[in-house]
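No hydrogens, no waters, no symmetry mates; every other heavy atom, side chains included, goes into these values. Sequential numbering from 1 along the given sequence is applied to the chain's residues.
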Amino acid sequence: MTSRRPDSFEGLGYRGREDPSFSGGYSGRSFNNSSGTDLQHWVTTPPDIPGSRNLHCGDRTPQFEKAPAPPGAADEAQSAAPPSEQLNRFAGFGIGLASLFTENVLAHPCIVFRRQCQVNYRARCYHLSPLTAISVMYNVTKTQGPKALWKGMGSTFVVQGVTLGTEGIISECTPLPRELSHKWNPKQVVGHLVLKGLSYVVAMPFYSASLIETVQSEIIRDNPGILDCVKEGIGRVMGMGVPHSKRLLPLWNLLFPTVLHGILHYVISSSVQRLVLYLLRRRNNGSPKHLSPDSQADAVQSMLEAYFPELMASFAASLCADVLLFPLETVLHRLHIQGTRTIIDNTDLGFEVLPINSQYEGMRDCINAIRREEGTMGFYKGFGSIVVQYSLHAAVLQITKMIYSTLLRNA
């Protein structure tokens, strides 16, 4: 079958619209009397469809070609151009990766020592200062090796994965919203918090297993695999696995403090993050924009304002939530670790080990016992490690910001 299309098909230049014999057959508009410029404009100008050519509301498609640029304008446009898109994306990815690495990897030794101080009810030194915390952390590392403060890191990722996976499955099978829109109502908020609470309930036995791996002394600790946290969590639910003492609290006694701590941590961190992000963006938008000859510096500043407010808001949210809920976290960890035959490092000096033999009957009894035997500051044992953790995080953010600015200026 031969094609019916002419050999030279060039818009209106093919036979059928230029041939006078065919022009009379059209009952519509004829283009024989139109000039070449008008004809070309009629053919090539597209309609102003919203969204075409990345048009925004109120923009129009340019009808004519731009006038030739004056000499020297190309150099000025090149000097005023922002950094390349590829470098911009790479820098944004690097900033987020650095923050994630600091939160979950670099800060893990501080989390390990903080948990050991929280569950050590016999400790005489409360480590409220970061100096004493750093000193004992150094002694533990010197005695047991560098792995002593990096234990249980894989199990923490398992707990996060179980929590996120549970949220996704429940949100797909139920009408509970996983995210809140800007136009939320009280019903959506309650459903969202219920979803969070259910995910914390499912992850609770794995959280207990991860806590044991984190505070267990490296001297008597085997080399567990990453999936041992899952196996021990399932064994805790089914009453199987490693035998525990009679002081072990059932999971239903741990249900309320675990869900309460998780929901309060989420509510505080989300509220603080939105508040700080709003204040930072309002300050950036309200600050006067000075027109300086160094347009590259302006581009760098605009890129920093695009990335770092979210990181600073997340940093402030985690810091406020951890500080405000530190006493509740101390009670929660003591309840989870009781009766598990766990042996931890002696946090007074860092050279010995000691067992955990607490006998709390529940959350209220634990609170009263800590207040009676250790005082009010007993709820803040290991608080110096949280100061070290977030000081390190702030330093990494500042260094990343300096590196990012240097890369953009040299791009």
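In terms of heavy-atom proximity, T166 sits nearest to L198 at CG2-O, 4.5 Å. Nearest heavy atoms, L149 versus H108: O-CD2, 3.7 Å. The two residues I386 and D322 have their closest heavy-atom pair at CD1-CB, 3.4 Å. When every heavy atom of C229 is checked against every heavy atom of V158, the shortest pair comes out as SG-CG1, 4.4 Å. In terms of heavy-atom proximity, Q144 sits nearest to S217 at NE2-OG, 3.8 Å. Here the closest heavy-atom approach between residue Q338 and residue S358 is recorded as OE1-OG, 3.3 Å.
Remark: aromatic rings of F315 and Y390 are close, center separation under 6.0 Å. Under the 6.0 Å cut-off for aromatic ring centres, H192 and Y266 qualify, their centroids lying closer than that.
For the atom pair M377 CE and L128 CG, the distance stands at 4.5 Å (nearest 0.5 Å). The structure places OG of S318 at 11.5 Å from CD1 of I268, a figure rounded to the nearest 0.5 Å. Rounding to the nearest 0.5 angstrom, the gap separating the OG1 atom in T102 from the CD atom in Q389 is 10.5 Å. Within the model, atoms NZ of K196 and CG of L193 stand 9.5 Å from one another, a figure rounded to the nearest 0.5 Å. Taking CE of M363 as the start and CG of N368 as the end, the distance is 11.0 Å to the nearest 0.5 Å. Of the inter-residue distances, the one linking T163 atom OG1 with Y200 atom OH reads 7.5 Å to the nearest 0.5 angstrom.
Judged by distance alone, the side chains of Y360 and R334 do bring a donor and an acceptor atom under 3.5 Å apart. Defined by atom type and a distance below 3.5 Å, a donor-acceptor pair is missing between the side-chain atoms of T347 and Q116.
L254 has its side chain within reach of L251: a pair of non-hydrogen atoms, C-beta onward, lies under 4.5 Å apart. At least one side-chain heavy atom of L354 sits less than 4.5 Å from a side-chain heavy atom of I344. Within the 4.5 Å cutoff, side-chain heavy atoms of L335 are placed close to those of P257. For the pair E329/F379, no side-chain contact is recorded, criterion being any heavy-atom separation below 4.5 Å from C-beta on. Two residues are said to be in side-chain contact when any heavy atoms from C-beta on lie closer than 4.5 Å; V331 and I370 meet this criterion. L248 is listed as a side-chain neighbour of R236, based on a closest heavy-atom distance under 4.5 Å. At least one side-chain heavy atom of R122 sits less than 4.5 Å from a side-chain heavy atom of P355. Looking only at side-chain heavy atoms (C-beta outward), E374 and Y126 come within less than 4.5 Å of each other.
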Test side-chain contact (heavy atoms from CB on, under 4.5 Å) applied to H127 and K381, step by step: CA-CA 6 Å; H127 296 294; K381 284 186 175 180; over 6 Å; no
Verdict with reasoning, L397 to T400, per side-chain contact (heavy atoms from CB on, under 4.5 Å): CA-CA 5 Å; L397 285 180; T400 307; 5.6 Å; no
Worked verdict on T258 versus H336 for side-chain contact (heavy atoms from CB on, under 4.5 Å): CA-CA 9 Å; T258 303; H336 274 276; 3.0 Å; yes
Candidate pair E103 and S314, rule side-chain contact (heavy atoms from CB on, under 4.5 Å), full reasoning: CA-CA 11 Å; E103 292 179 2; S314 178; 4.0 Å; yes
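In terms of the side-chain hydrogen bond (donor to acceptor under 3.5 Å, both in side chains) criterion, residue partners of S210 (sequence neighbours excluded) are, by chain and number, S155. In this view, S271 satisfies the side-chain hydrogen bond (donor to acceptor under 3.5 Å, both in side chains) rule with no residue, not counting sequence neighbours.
Put simply, the side chain of T330 never gets that close to the backbone of Q118: no donor and acceptor are under 3.5 Å apart. Side-chain N or O atoms of Y121 include one that pairs as donor or acceptor with a backbone N or O of N357 at under 3.5 Å.
More than 12 heavy atoms of other residues, nucleotides or ligands lie within 6.0 Å of CZ in F157, so this atom counts as buried by the packing criterion. Sparse packing is recorded around OH of Y138, with 12 or fewer heavy atoms of other residues, nucleotides or ligands lying under 6.0 Å away. By the neighbour-count criterion of 12 heavy atoms within 6.0 Å, atom CD of E361 is sparsely surrounded, having that number or fewer from other residues, nucleotides or ligands.
Residue pairs meeting the salt bridge (charged side-chain N to carboxylate O under 4.0 Å, His left out) criterion with at least one member in residues 136-162, sequence neighbours excluded, are K151-D345.
Note on E310 versus R281: salt bridge recorded, some NZ/NE/NH1/NH2 to OD/OE distance being below 4.0 Å.
Y380 and F326 have parallel rings, their planes meeting at less than 30° on a 0 to 90° scale where 60° marks the start of perpendicular.
Between V215 and the options T340, N120, I337, a side chain to side chain contact (heavy atoms under 4.5 Å, CB included) holds for only I337.
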